[in-house]
Amino acid sequence: METEVFTAWFEEAARLVRLDRDRLTELDAAIGDADHGVNLDRGLTEVCKALADAPPESPSQVLTTAGTTLIRRVGGASGPLYGSVFRQLGKALETPVTLAGFSAAFEEGVVAVERLGKAALGDKTMVDALAPASRALALAVRDGASVREAFDQAARAAEEGAKATIPMQARKGRASYLGERSIGHEDPGAASAALFMAALAAVVE
Amino acid sequence: METEVFTAWFEEAARLVRLDRDRLTELDAAIGDADHGVNLDRGLTEVCKALADAPPESPSQVLTTAGTTLIRRVGGASGPLYGSVFRQLGKALETPVTLAGFSAAFEEGVVAVERLGKAALGDKTMVDALAPASRALALAVRDGASVREAFDQAARAAEEGAKATIPMQARKGRASYLGERSIGHEDPGAASAALFMAALAAVVE
Amino acid sequence: MKKLINTADSVVDDALNGMAAAHPSLRVRDQVVYRAEGPRRGKVGLVSGGGSGHEPLHAGFVGHGMLDAACPGAIFTSPVPDQIIDATRAVNGGAGVLHIVKNYTGDVLNFEMAAELVDGVQVASVLVDDDVAVQDSLYTAGRRGTGATVFVEKMAGALAEAGAPLARVAGVAGEVDERSRSFGIALTSCTTPHAGKPTFDLPESEVELGIGIHGEPGRARVPMASARELAGIAMEAIHGELPLRGDLLVMVNGMGGTPLMELYVVFAEVAAFVKGKGARVSRSLVGNYVTSLDMQGFSVSICLLDDTLTRLWDAPVDTPGLRWGR
Amino acid sequence: MKKLINTADSVVDDALNGMAAAHPSLRVRDQVVYRAEGPRRGKVGLVSGGGSGHEPLHAGFVGHGMLDAACPGAIFTSPVPDQIIDATRAVNGGAGVLHIVKNYTGDVLNFEMAAELVDGVQVASVLVDDDVAVQDSLYTAGRRGTGATVFVEKMAGALAEAGAPLARVAGVAGEVDERSRSFGIALTSCTTPHAGKPTFDLPESEVELGIGIHGEPGRARVPMASARELAGIAMEAIHGELPLRGDLLVMVNGMGGTPLMELYVVFAEVAAFVKGKGARVSRSLVGNYVTSLDMQGFSVSICLLDDTLTRLWDAPVDTPGLRWGR
Ligand SMILES: Nc1ncnc2c1ncn2[C@@H]1O[C@H](COP(=O)(O)OP(=O)(O)O)[C@@H](O)[C@H]1O
Ligand SMILES: Nc1ncnc2c1ncn2[C@@H]1O[C@H](COP(=O)(O)OP(=O)(O)O)[C@@H](O)[C@H]1O
Ligand SMILES: [Mg+2]
Ligand SMILES: [Mg+2]
Ligand SMILES: [Mg+2]
Ligand SMILES: [Mg+2]
């Protein structure tokens, strides 16, 4: 997987988030403060600008640039959290990028978020979409799947993980203030995480 | 006309204003500040209390008590204005009260308002209901009409005068701030003045 | 309508009780708000008042360096003569009392009656009429008193505190009024507790220009526009009657339901306009000072300062609504 | 939605320009608001920040006796580490810097990252978590920081101004937080400029109990009730976690769209409740201090005072949002 693929990943993610900006914000309005779509849209626009201004030489550089930009431009909870996913992923990623190498590095990124946010599976956060995606990647590698199959499965797992947050009661982040009233709504961060995985699947096709 | 008639006048006026309180307030909302009904309702309730607490000995006393109470309890423009109508009317009224005597004293009350408010016929104020009523009384006296006929005609004249304010552009009071936008609305004070005259007609029947 | 009240009839008294409980510096007696320490011998007393619903005006401006007493009427209804008479007698320190009256028929009539009826006290009165939305002509009740009331009460208060005689205090109060103009724009109507619904209907797409502070509709309606355009409309209206020059006192006032953040957005535009006219923002106020219940919108008030007025503005003031220097 | 803005994207910067234009005592640089005079050698620096939309919090509390810098984020979005790092470096007078952080995941993460990345400056941080509407348990992000932030910023600011060392300032800041609790009730939802419609729908007949300051819905909904009943609900919730006793600092805070008159009505009820519990209102604030854009509603914040805290509260403060003693 070449550097261009990773640059394309964030361009596609930016496009999908822009398209779904209002849906993400409405999900956040229901159990948060109605800014998630706006936050990510702003952040990813900045990421694309950064990647265009100084085209990175390596996949790893694309990811660390993206992660750092998200931390520097988004704010809120999702800025540092997404930022550390991509920064850690970038740090751990070796060139040339193989599917197995990406899968291992991605798992490190997910672990970084879990640690930073002290969130576990079932807390109704982005982790509920990211962790299943990571697991799906690992299984695909084990089963010798193609890059394309692997990312399709990761995207599907993230999407299912996001939908699975609907019946959950939030234990982390703003939604946790609602207690039982958080049940019945999809977590906005899990929804945006699914968009990131969908974008990746799209660009490797 | 006995003292009881005048006490009954204010009780009936209080009843009519209470019934029309919201209409008066809505008229005031359109070209003023939405408090005329509330103001008069509050004032007339106090007048009835005052008349009950210390039953006056003469018609003149009923009117000066009513006028003073309105000045002391209503505030706004209508408090001092209605207050001086009735205080002047009371001052000028001689006992025993004849129709001619009442008519002359009432005219003095109207003149008092015109002076205090510097308002003339056509300025879109209570004067546009009070002055025609006074004129109708004077004519009735001249034509030797009965008390009942006289007050019926005064009430009708006040009602017509109030309706006649609709096409007028206000030149006095809050409605004048609206300039041409004051056209097309009945003046709340003229409307309440018509209620006062209707109450009088009702109690002499 | 949802309001934090107990009943529409008790709201004024309940709020006065809250003020008394919150501010030991104030005393409330018979619907008049006084300084707790009472009148100062030889100091001119300042009494103002008007309908309630404009908080902090007037009661929030009672205290050192500003008013000695405020007479709150029912909501949007001027006080009655009895209140004004009580207040005038109580604050008289022997040097006479200045009545600061906003130019509305009701306020003028009730203050006039009180001034006639109170005896043994030397009373002067100043009429505040700063609102350029109303033409001052034979065909209107004259310009309304709005935001400049804060300027008059503050500067006259400082002068009285400094021991100036009644004539001087009244003179400067009138001067401040003459050098001040205001203009207001509403995004929504206010809702009075008794009426229970908006005084006027204003669609999502429009704003009301030149509104009063009692929910009186304005002179005209225009499509909703940017803060820059709306501030421009207000400033042009003021500049047309009071050409901006030199040092200005600029107040961007919220109508009660508008968040401070938006008022600062407006202030930035107002400051840019002032600069564009070659004048200078020398002193400023941004916040809710002369409100209209829950109305959303703003008004701009501007006073042409000179050294004396600037000194009077800067003088120490200690009231619930305005405080500095002590 | 009608708002006095130019664009949803520019509202925060436009408002900051307005603040800079209105308050010569402030400097705005790279989305950080500083005291114009800069850091004082040997004085502990106080830095706070958080999402915009809560004005006057935080930028309105920058000035003598309170904050040295405030970092405003996007609306309802905590600031980014860069802002906090800039502010921390700029206000360091050699005695270290205290970060005052409201307990929200975003605020905590961004301040933590900044504290790690800024080097050469001794940084301590205090977490404000006073909102009793949220249970402080393993199953939540913990109590939110709301009204008590004003108390912490004021008292810690006074102590820093007096020259106390960082450890002491941080210690007292934590103590103020521990001795303070808040509860909020909304009559309406706020509307963010970007979303353009209310964050949550609240029918005319209901109120939302235990709301946050970002339009987060509360824990429960009940039928609209009188000011007395609503104040009672808030006070019982606070009293349940912080039994009222002795001298209290009581703030009745408006959420942004509620008129001052209504806040005084609520304050009267709060004061009566306090009296009923045998405690005493020793100091008070009534007004808009920690808002949520245009939301209508109120919050009550209470701090159990002692002589030290009372002295720190009374110490001179000179900021756009809070001023006395100079
Ligand atoms: N402690 C946490 N761990 C992991 N993810 C979290 C945590 N707290 C919040 N999130 C994620 O962040 C999302 C909210 O992001 P955003 O709305 O941008 O920030 P904020 O909540 O500060 O407004 C939530 O939907 C959730 O997925
Ligand atoms: N200068 C005036 N002369 C005569 N009547 C007046 C004058 N100004 C106002 N009014 C009358 O008073 C009425 C308004 O009364 P009200 O609403 O109670 O007082 P306010 O205008 O102070 O709210 C008007 O409808 C008008 O009839
Ligand atoms: Mg959010
Ligand atoms: Mg009226
Ligand atoms: Mg009125
Ligand atoms: Mg947020």
Side-chain angles (χ1 to χ4, degrees), chain C residues 1-7 11-12 14-23 52-53 55-56 60 187-188 204 207 224 226-228 230 250 252 256-272 281 284-288 291 293-294 296-298 318 320 323-326, chain D residues 1-7 11-12 14-23 52-53 55-56 60 187-188 204 207 224 226-228 230 250 252 256-272 281 284-288 291 293-294 296-298 318 320 323-326:
Chain C
M1 166 202 67
K2 278 186 279 187
K3 289 187 184 293
L4 294 169
I5 62 176
N6 291 315
T7 69
V11 60
V12 172
D14 291 348
L16 287 177
N17 290 337
M19 283 202 87
H23 306 294
S52 292
E55 293 64 30
L187 305 192
T188 65
E204 263 301 308
V207 296
M224 176 61 183
S226 70
R228 179 164 305 123
L230 295 178
V250 178
V252 168
T258 288
L260 186 57
M261 170 187 251
E262 295 180 33
L263 298 180
Y264 276 118
V265 171
V266 171
F267 189 88
E269 302 302 338
V270 167
V281 175
S284 65
L285 275 183
V286 183
N288 297 325
T291 60
L293 293 172
D294 57 345
Q296 289 188 344
F298 72 99
D318 182 358
R323 185 170 180 183
W324 57 71
R326 58 179 268 161
Chain D
M1 167 202 67
K2 279 186 278 187
K3 288 184 185 293
L4 294 168
I5 63 177
N6 291 315
T7 69
V11 60
V12 172
D14 291 347
L16 288 177
N17 290 338
M19 282 201 89
H23 306 294
S52 292
E55 292 64 30
L187 305 192
T188 65
E204 263 300 307
V207 296
M224 177 60 184
S226 70
R228 181 164 303 123
L230 295 178
V250 178
V252 168
T258 288
L260 185 56
M261 171 187 249
E262 295 180 33
L263 298 179
Y264 276 118
V265 170
V266 170
F267 189 89
E269 303 301 339
V270 167
V281 176
S284 65
L285 276 183
V286 183
N288 296 326
T291 59
L293 293 171
D294 56 346
Q296 290 188 343
F298 72 100
D318 183 357
R323 184 169 182 184
W324 57 72
R326 58 179 269 161

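Just so it is clear, the structure is predicted and the values come from calculations on it, not from any experiment. Below, read A as the first sequence line, B as the second, and so on, with proteins coming before strands; counting in each chain starts at 1.
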Bottom line for C:Asn17: the part with an atom under 4.5 Å from chain D's heavy atoms is both

**Prompt:** Run the side chain to side chain contact (heavy atoms under 4.5 Å, CB included) check on D:Phe267 and D:Val281 step by step: do they pass?
**Reply:** CA-CA 11 Å; D:Phe267 189 89; D:Val281 176; 4.0 Å; yes

Per-residue tally against chain C (heavy atom, under 4.5 Å) across D:Gly256, D:Gly325, D:Ala22 peaks at D:Ala22

Okay, D:Leu187 and chain C: the region with an atom under 4.5 Å from a heavy atom over there is both

Greatest number of non-hydrogen atom pairs under 4.5 angstrom with chain C, of D:Ala20, D:Ala268, D:Gly18, D:Ala21, falls to D:Gly18

d(C:Leu260 CG, D:Asn288 CG) to nearest 0.5 Å is 8.0 Å

The interface call for C:Met224 against chain D, heavy-atom contacts under 4.5 Å, is side chain

In this structure, CD of C:Gln296 is separated from NZ of D:Lys2 (nearest 0.5 Å) by 8.5 Å

Applying a strict 4.5 Å limit to non-hydrogen atoms, the region of C:Thr291 in contact with chain D is neither

Ranked by heavy-atom pairs below 4.5 Å to chain C, first place among D:Gly60, D:Ser226, D:Pro320 goes to D:Ser226

Ignoring hydrogens and geometry, is there a side-chain-to-backbone donor-acceptor pair from C:Thr258 to C:Gly297 under 3.5 Å?
yes

If one checks every heavy atom of D:Arg326 against chain C at 4.5 Å, the contacting part turns out to be backbone

If one checks every heavy atom of D:Asn6 against chain C at 4.5 Å, the contacting part turns out to be both

Ranked by heavy-atom pairs below 4.5 Å to chain C, first place among D:Glu269, D:Arg323, D:Lys3, D:Glu262 goes to D:Glu262

Of C:Val266, C:Val265, C:Val286, the one forming a side chain to side chain contact (heavy atoms under 4.5 Å, CB included) with C:Phe298 is C:Val266

The interface call for C:Ser284 against chain D, heavy-atom contacts under 4.5 Å, is side chain

Honestly, the part of C:Pro56 sitting under 4.5 Å from a heavy atom of chain D is both

**Check: C:Gly53 main-chain N/O paired with C:Glu55 side-chain donor or acceptor under 3.5 Å** = yes

Applying a strict 4.5 Å limit to non-hydrogen atoms, the region of C:Ala271 in contact with chain D is side chain

So does D:Asp14 pair up with C:Arg228, basic N to acidic O under 4.0 Å? no

Okay, C:Val11 and chain D: the region with an atom under 4.5 Å from a heavy atom over there is both

With chain D, the option among C:Val12, C:Leu285, C:Thr188, C:Ile5 that has the most non-hydrogen atom pairs under 4.5 Å is C:Ile5

- Task: Without swapping roles, check the side chain of C:Glu204 against the backbone of D:Met1 for a donor-acceptor pair under 3.5 Å.
- Result: yes

Is the distance between the ring centroids of C:His23 and D:Tyr264 less than 6.0 Å?
-> yes

